[in-house]
Every structure is written in structure tokens, then in C-alpha cells.
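Note on naming: letters A, B, ... go to the chains in the order of the sequence lines (proteins, then strands), and numbering restarts at 1 for each one. Remember, it's a predicted structure, so these values are computed and weren't measured experimentally.
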Amino acid sequence: MSQRDEPAGSIYDLGYRRYDGPRLGRRHAMLSLYLFSLRGAFGLGRRTSSKIIPIAIAIIAATPAVIQLGVGAIVSSEHLHVIRPENYFNFIQIAVALFCAAVAPEVMGRDQRTRTLPLYFSRALLRSDYVLGKLAALWTALLFLTFVPQALLFLGNGMASSNSTGYWRDNWMDFPRIVASGALVAALFASLSLLVAAQTARRAYATVSVIALFVISSVISEVISGTAGGVWGQAAVLLTPFEVVRATILWVFQSNAESGSALAQADLPGYVFFAMLCAATAIAAWLVVRRYERIAV
Amino acid sequence: MNRAIVELTARQLLGQRRSLLLVVFALIPVGIALLYRFEGQQPNHVQWTANVLGARLIVGTLLPIAAVIFGTAALGSEFEDGTAVYLLSKPLSRSRVVLSKLLVAWLATGALVLASVLVAGAIAIRDIPDQGVLLGFAVAVAAGSLAYCSVFVLLSILTSRALITGLIYVFIWEGLMTALFSGTKVLSIRQYTIGVAKWLTTTSERTFAARLDGPEALALMVVMSILATWLAVRALARWEIGESG
Amino acid sequence: MPLLSTRELSKRYPGVTALDGLSIELEPGVIGLVGANGAGKSTLLKILLGLLAPTSGEATLLGYDVRRQGPELRQFVGYMPEHDCLPNDVSATEFVAHMAQINGLPRAAARERTAETLRHVGLFEERYREIRGYSTGMKQRVKLAQALVHDPRVMLLDEPTNGLDPAGREDMLDLVRRTGNEFGIAIIMASHLLGEIERVCDHLVVIDAGRLLRSAAIGEFTQRTQVLAVEIEGDAGPLAGRLAASGLRVKMEEHTVLIGIEAGQTPYDAIRDTVADLGLGLVRLEQRRQNLEDLFRTPEREDADVAAG
Amino acid sequence: MTATTERETATAGAPAPAPAIEAVSVSRWYGNVVAVNDVSFALGPGITGLLGPNGAGKSTLLHMLAGFLAPSAGSVRMFGETIWKNEALYRRIGLVPEREAIYPFLTGYEFVLLSARLHKLPDPEAAAARAIRIVDMGSAQDRAAAGYSKGMKQRIKIAAAIVHDPEVLLLDEPFNGADPRQRLHMMDMLREMAAAGRTIVFSSHILEEVERLAENVLVVVSGRLAASGDFRQIRKLMTDRPHTFTIRSSDDRRLASALVSDTAVFGVELGSDRLTVRAADFAAFAHAVAKVARGAGVSLFEVLPTDESLESVFSYLVKR
């Protein structure tokens, strides 16, 4: 082949080639699982029909922020804050619950339903890695509802303000609070809904069970609050994730509950709710790990 | 009815984890009634028992959830698991299969909810005259279970997503639409059940109100049950195996 | 280094012993794994894959201890389960690339190898479509691809032809054979179909009641027996009668006459002449081989059978 | 027995009893997709193997035979009666579905007993015990079916299907998941049942097994009936395909030249250690080969037909 005047032409071997490149192990496996599940949560790389519900719900969750920004732009008033960051959750709580019901079974039960679990567990991945990857994926997906719209709102408010620097100076503390509250809310909802979804391979049961968890806990909490007095009536608000989250957000923002609301009636110190949220998140996550450690595949 | 199918279905419905979950559900009204009894602040026990315990917790939540789970599982799980062929390839009419399945779903739902009503109600109402509230809800719940189950058994033959469809009916249609549009009450088993319960009590309208009159509610309930059962029998008689088997 | 080595490997469930002190040593190759249902075949596979922990004993695969070095070992293992294991709402490309990454391949390498592996298993245009629309044969190919994509050193295949029609079965067996012989990947393949094992494998392991029954090269299982089979068109009775009369030991099976050969006997010409004399149609004449199936029959072999008859 | 007398009175005067299974111009379509297209056949006692590539309409056909699907056109009859919506016929039919599902909470015995009770047998316990004995599941009959292996599930399903001693037995992929020993056992069992005069139809992808078990095959390709009957007879009908034999002998070269002159032979190829012969007429060659060899003074060590198996017949029918 060294001679130039030889006609150029080669036949290449299309046979099997070995792979000699790097093998990146558990951490990489976990990261891939996380990204794959996160994409799956929004139906990316899937047919259009699997994108509609999660993306529509995420849009609904961003709508209050968009409206506020729009109103701010037109009216151009510093003081017209219809939606305070500590109240944002009140507008989107149903969207968050529906998102969990629709997406958690997709994130968690799917591999059990399609019997893909043995493929994961026979690879360079531990069962606990699998669960943590899935938890992280749903948590991140929920941040698109609980954190991203508010962050945009915060930035938008600042930029729309006639005195941006003044706005940032006065309100900069809101940003870490938005981050913290968004992360906490997402953590509780992610771990609770995954715990429920992990109990069954059947998607319909999982969706229904997640909704049932939210609806029934709210009904019970509300009925008990309205029925019993004393410690029982006070503690009833701890039975529903919605009130726990609401109260934790208020605590993070050092704000108070509206008078007349269930939280105001309960009159418990904020750190109790924060502790409840952390405990519930941790216990739920631990239970999911435990379930997957034991599941036979 | 066929005794072998009845026994089989009873084991199917009662021997599983979801039945245990339902028993826990059924205990919730009892727990709340206990709380009410010892910590309650409401002055009118009959009013609380009828509206909060009866209409809201039991008829509004426990009854439809128990019925949708038992009703769709009785026959639906056979289609889902592929065991239906064992029943349908036997020399017995398909109407018997439907009726046997419905009977067990009804008995399971009815027994569970009835127990919850009677125990929770007896705790909440204390010793004052109860103006027929306990009896009213007991009878209404027994009848309501049948109406719900017949509809859900029908759904389980018509669609493989009967559970979801059933829950949409319960929560969206009965829960939301009926609250917004009063006219939809004629298609709400929850309203039939409350109507029948109210009919059997001697409470005043201010203590406990129903949207449908007693006779009207009962008639609608009977029509609904018979219609759903008849359609279920017809649907199973025409049932064909899916392409997947 | 042996491919697989187990020492006194046991797995007990309450009331059931799936593996009972199994000790095996296997060199790389295409290995068939056969055993009755419940004999411990799938338990062994699951232990090797880290899906199940043994009750006692040790197992090493590729020199890694399956218990203590699970994640490291499994980077080099491919597994094709018997059952459906594919999500149906993604494409083959997306799924196989994902599985490659789960096995530690960097993103770019995963993509490249996915394309190549799917071509190897014979999936072309359809690889961008959702798996839901695939035929059984295509799904089996995807299952094989995900087990092969990360270039494992050993592949564990559980009933790879399950649910395939005859043409699909032929294709799959061909793929398995090529993977083992051309690609140089060791294969352990469990199957109930002895014909398949015989066609694809070069070594056979038979497990029974959780113990090793036999482990040997395929050839040793299919040695020629001292029985000649003569199949003719029509009734075999007269032929059997004549041959018996000439002093041969014979046995009849529908259209076939079985003849036991004793040392020094060469009955070939006698058979030829008898067939010709009787004007029969000779369909088949062969020396019988030992049949893999005989392992699962009641102990008496055909030789003994004919000898007795 | 009542069913038999009813049928006899119904068909009184007819010379021959109706065949056990009869499909008359049966078609089935789903929307625009034709799954089964104008298929007719009649089956009597014995074992029939139902073959076809995946998606050829095998399951659809079997489901129509079982009365789980209505034909879109034509009719499926059992003992002269339509099977669709005719529950009474199930008294005479046993059915082994493909899906392995069994009620997980029942023991094997309870499952078979359920079947016996649903058939309203006079002594269901005895019938269940008998059926379990036939499939040899006695040792596992009191364990919950949830813990059964695939092969055990298949056997207990067969027991449930034969508990009422049916005249017709339909089995969808019965060997799926069975291990070699169970396969042998199941084959023997089906042979015995066929020998007792029952009509057995089973579908399978494993041609070696069909070849060994079925006297009769039905081959479905693209929804049409591509062939039916004894596969050896079917092979003989394929006149456009020469029959090939390989021969080992004491002198291949001499045998080759002797065979070339035989009218039955139209091609001979000499290999290193064997001879490949192509013949137009299978029977003529079979009758000639021993005589020709004797005439040439050559000993025959091995004569093997190479494409006479069901596998080769099947692949020919599918690719046609």
C-alpha cells in the first residue's frame, strides 16, 4: 500500500470488535440510571402521549409565576405581590400531588412491571444504588414544579423592578429560602409517593394508591381537626403532607399562617413540622430501600 | 349462582394483601369515632354521626373504595391474570359466573362497610335516641354496596382499566361534578345511598339533609343495579379472548 | 483460569433445597446447562448473577468471587433472562444504550457499541421504533443485544429460544453459536431443548436435584451405540423376521428395525441383501448414537434394551 | 352419556357421525387485519399438531376451536354442533391454555378439584385424584400453585383439563417450560390418550416434538391453511423438490457410477467420505438402493435422507 499509484480500495472487517475502553463502575451506573429515569419522568425519548401529562402538570405549576410576572410587567408596581414565595405552594399543591400520582409509578414500578429489574440487579449496581438513583430522579423532577417556577419568578421580579439593585438587596434572603423550601417539599413528596408506588407493579394500583394517600390523609386530618380539640386536634395537621409542607415553608420563610387556617388553629412551633418532614422523608426512603433489598427477582 | 365459584372468589378477595389494607381503612372511621367520643367538641351527636361519619367518611370514602376494589377484582383479576378461561371453558352459563362473582363482591363490600358503620356509629352516637341514623345507614350501605359492585363488575368486563375508571367515577364524577352540578345527582350512587339513609331516619332537614327523596333514590338504585347486572351478563356472554390470550 | 468454579455451593429455602453442595469447574466455551425443573439450574444462574445469595459454599466466575466482588464481576457478565424484560415504550437503541451505560460504558462508547451490537443481532431500521411493536423474534434479539453490548467475557443465557417459531429459533441459535465461536465470549446456556444444546454447545453440564450429575464434552454424550437402525417403507415385520432368523438380535419400532451388533459382527451385507430380496424400500440405515434424552429416561439404555429383547 | 344420546337422536339417520372437530370455511378478522382466512378441515381421533410461524393465526384458530372467539365467517363445529356460545359442549372438551397463570392461592389438588366441581362431576374428589395421578403430580398436589415451576403448572393444567375425561383435548404450547423428563412423560401421556380414541390438538414451535408425537399436522401460514395431513405424505407431494440422501459405503466411487445409471436418480455427488444422491422419486430410490448396491458388490454402511424431516417440510411451506 506504500505505492501511490496502486488503486485505492479496501475491504474492512465488520466483524465483532472487542471493547477495551474504560468501565466506569457503580457511580456511573447510578448516574445513568438517574438521568434515564429523570428523562422518563417527563416522557423524553418516549412517545408523545407519555409526555403530555407530566409536562402539562409542570406547566400548570408554573402558571401562577407566569401570571404574576405578567401582572407585574403591566401594572409595574413594586408592591403588587399577589403571590408571595411562601404562599406559592398553596397554588400548586394539587398539581404536585397529581404529578406524583402520574410519575411515581413510572419511575418506580415500571421496571418491576416489565421485569427489567433482574437486568439492573445483575449489572454493576447495588440494589440500594438503584433506589437512590430513582429517588434522586423523582426529587429532581419535582424540583421543576416546586423550585424552578419560583426561581424564575424571583429573578423576573428583580429584573422587572425599577430599582433592581434595591430589590436584590432587600429580598436576597428569599432566594436561599426558595431553594431550601423547594428542595424540602420535593423530598417529602418524592419519598412518600415512591414508597407507595414501590408496593405494586401494577401501574393503575400505584396511581390510585398515591392519590388515595393524599386524599384520605387530608380527609382524615380535616375531620379530626374539626372534630376533636386539645392535643389531638392540634396534632391532626401532622397527618397530611400538605399541611406539613405548608407549615415547613412558613417556618423557612419565618412567616405566619393565615388566621383561621388549620395551621393557625393547630398553633404548633415551625420546627415540629420541619422535623416531621425530615423524619417522614427519611423513613419512607429507608422503607423503599428495604423493600428493594428484599424483593425477589 | 355456583357454589364453587363463590368459594373461589371469596378466597380470591379475602386472602390478599389489599383486603388487609381495606380492613385498616374500615378501622379509620372507628378510630375517628373514638376520638370524637373522647375529645369531640360538637354538641349534636346525631348531626355529626350522620353528616361527618356517615355521609362523608363512610358513604363518601370507605364504601366506594371498598366497592371499587372488590367489585373490579372479583372478575377483573381473572381477566388480568388469564385465569378467566378456566371458568369460561366449563359447562355452565356465563350469567352464573357473573352473578356468583357479583354476589361475593357485594357480600365482601357490604360486610366490611356495615361493620364499620355499626361499630363506629355505635361509638359516636352514644346512648341518646339516634333517630334511626344507625339503621338508616346500615340499610343504605348494604343496598349501596350492591349498586356500586354491579357497576364495577360491569366495568371490569368492559375495560382492562376498570379500577382507574371506577375511581374516576367515584372521585371526579360523584365527588366533584355532583358538587358543582346538582342535576348529576340522578347518576350518583353516593346520592342514592344518602337518600335511602335519610329516608329511614327521623332527623330534621337541618340536622341531616339528602339531595334525593327516599323513594326516588331507592328506585334509581334498583334500576341502576339491575341495568348494570344485566349489561354485565350480556357483556360476558359476548366476551372474546384478547389477541394476547 | 477456569471460567466458573463452585465449591459445595448450596441454596436452601424453607422446605426446599435448590442446590445441594454443588461443586463444578468449567473452562471457557459454549456450555449447555440442563436439568429437570427445580433441579437448581436457575438458582445457580441467579447466584452467579448476584440476584440471589447462596446459603453456603463458594462460587467464582471469571476468577471473581460472586458474593464479595459482585459489582466488579458483573461489569463483565451479560445476562439474557428467559422471561420478557423489556420496557415497551422506548426504542431498542435507547434501551440498549442505557443498559450499556448501567454497565459502566461511557456515553459515547455506549452509543457506538449499541449501533454495532444491534447490527450484529440483526436489528436494522426497526431499532429506532418503540419495542412495543416488535415481534417475539425481534424482542429476543434486543434481549441478546443488551447482554452483549458491553462486551462481556461471559454471557448467561436462560432459554434463549423461548417463544420463537422455527425460523426465529434457527436464527437465534446461529447468533449464539457465533457469539461463542467467533466473538470468543464464553457462554453458559440453560435450555430444556436437548436438540438445541446439541447443535450449539461444546460442553454439557447436567444438574439433578441440586447436584452435579455429569459434566463432559458434548461428544461424550452422543457416542455411537452398538445398535443399527434400519428404516424401511411399509411394514418392518418381514425384515425383522428374516434378520432374526439369520441369528441377529432385533427389535421393531414401527417402520424401523433395530439390530444389536456384537463384537466382530458386520451385518451390513446381510441387511442389504435381505432388503433387496424382500423388495423393500430402504429409507434409512445408520448406527444409532447415544441420545441426550437418554439422560432423562428411566436408566436402561437402548443397547441393554435390544440385548434383553 | 346424555349428551351422546341427544346427539344421536339429533343426527338420527345420518350414516356417519359428525367429526370431532370441523372447521368450515372459517375466517376471522380484526378490523382490516385478517388473522385466519377461509380455513377448512376435519379432525378425528389421534394427535394433530398445529404449526405455523409466529403471527400466522395459530392462536386465533385455536381460540376459535375453544369457543373463545367467534368466527367472522364460516363455522367451527364439534361433534356437529357450533362451539361458539355453546357452553354445554365443554362437557366433552378439555382445554389447556397457553398462559401459565393458575390461581396462586390454590393448591394443585384444589385447582383440579375446582375444575371437577365446575363440571358438576358426581364424585369430584375421585376424579381430581385420578387426573392428578395421570399427570404424576401426586407428590406436589398439596403445595400452593404459586410455588410451582412452569412444567408443574403445565401438568396441573392438563390434569384440570382432563378431569372430566373429555373426548377432545386442545392444548396451546403444552410443552412450554417443561423439562426433558416432563416432555417425555407428557408425550407418553398424550399418546396413551390418543390411543384411547380421543381427539387431541396441540400447537407447538418445537418441530422435533411435533414430528415425534403427531400423526397429523395442520400448517397455518399467513392465516391460510398451507398443508394438512401426515407430514411424510405432505413431503411426497412436494414434487418440485428433489429428495436428497447421503450414503457411506465400502466403495463410494463404484456405487456412484452404478447409481447414476438408475432411473430414479438424477444427480450424484462424490464427497471425501460420503456420497450425496438426489432422487426425483423417494420411493423408487428407496427400493432401488439396496439392489443397486448388491449388484455393484458394495456394502452399505449408512443411508440417510437429509431433507425429509418435518423441519424441512415446514420451512418449505413457509417460504413458498
Legend entry - Closest non-hydrogen atom pair, P91(B) against Y90(D):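 So the two residues come closest at N-CB, 3.8 Å.
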Legend entry - Where R117(D) and R3(B) come nearest, the two heavy atoms and their spacing: NH2-C, 4.0 Å
Roughly how far apart are [X] [atom1] and [Y] [atom2], rounded to 0.5 Å?
{"X": "I241(B)", "Y": "M64(D)", "atom1": "CD1", "atom2": "CE", "result": "12.5 Å"}
{"X": "L114(D)", "Y": "E7(B)", "atom1": "CG", "atom2": "CD", "result": "9.5 Å"}
{"X": "R238(B)", "Y": "W84(D)", "atom1": "CZ", "atom2": "CH2", "result": "9.5 Å"}
{"X": "R99(D)", "Y": "T83(B)", "atom1": "CZ", "atom2": "OG1", "result": "8.5 Å"}

Legend entry - Within 6.0 Å of CZ in R224(D), more than 12 heavy atoms from elsewhere: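 Open.
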Legend entry - Proximity breakdown for E78(B) and chain D, heavy-atom pairs closer than 4.5 Å: side chain
Legend entry - R28(D) side chain reached by E240(B) side chain, heavy atoms, under 4.5 Å: yes
Legend entry - Non-hydrogen side-chain atoms of R11(B) and Y103(D) separated by less than 4.5 Å: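 Result no, sub-4.5 Å side-chain heavy-atom pair not found.
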Inset, instruction - Given side-chain contact (heavy atoms from CB on, under 4.5 Å), test K120(D) with N2(B) step by step and report yes or no. - result: CA-CA 10 Å; K120(D) 308 223 171 64; N2(B) 180 293; 4.1 Å; yes
Inset, instruction - Check the pair L8(B) / F111(D) against side-chain contact (heavy atoms from CB on, under 4.5 Å), numbers first and verdict last. - result: CA-CA 10 Å; L8(B) 173 78; F111(D) 179 62; over 6 Å; no
Inset, instruction - Find the one option among G67(D), A88(D), S115(D) whose heavy-atom pairs under 4.5 Å with chain B are most numerous. - result: S115(D)
Legend entry - Most contacts with chain B, counted as non-hydrogen pairs under 4.5 angstrom, among P124(D), A66(D), A101(D): A101(D)
Legend entry - Proximal component of L118(D), with respect to chain B [non-hydrogen, under 4.5 Å]: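 Interface part for L118(D): both.
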Inset, instruction - Ignoring hydrogens and angles, tell me if any N or O in the side chain of E87(D) forms a donor-acceptor pair with the backbone of K90(B) under 3.5 Å. - result: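 Here the side-chain-to-backbone pair does not exist.
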Legend entry - Choice from A4(B), S77(B), S89(B) maximising heavy atom contacts with chain D below 4.5 Å: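 Option with the top pair count is S89(B).
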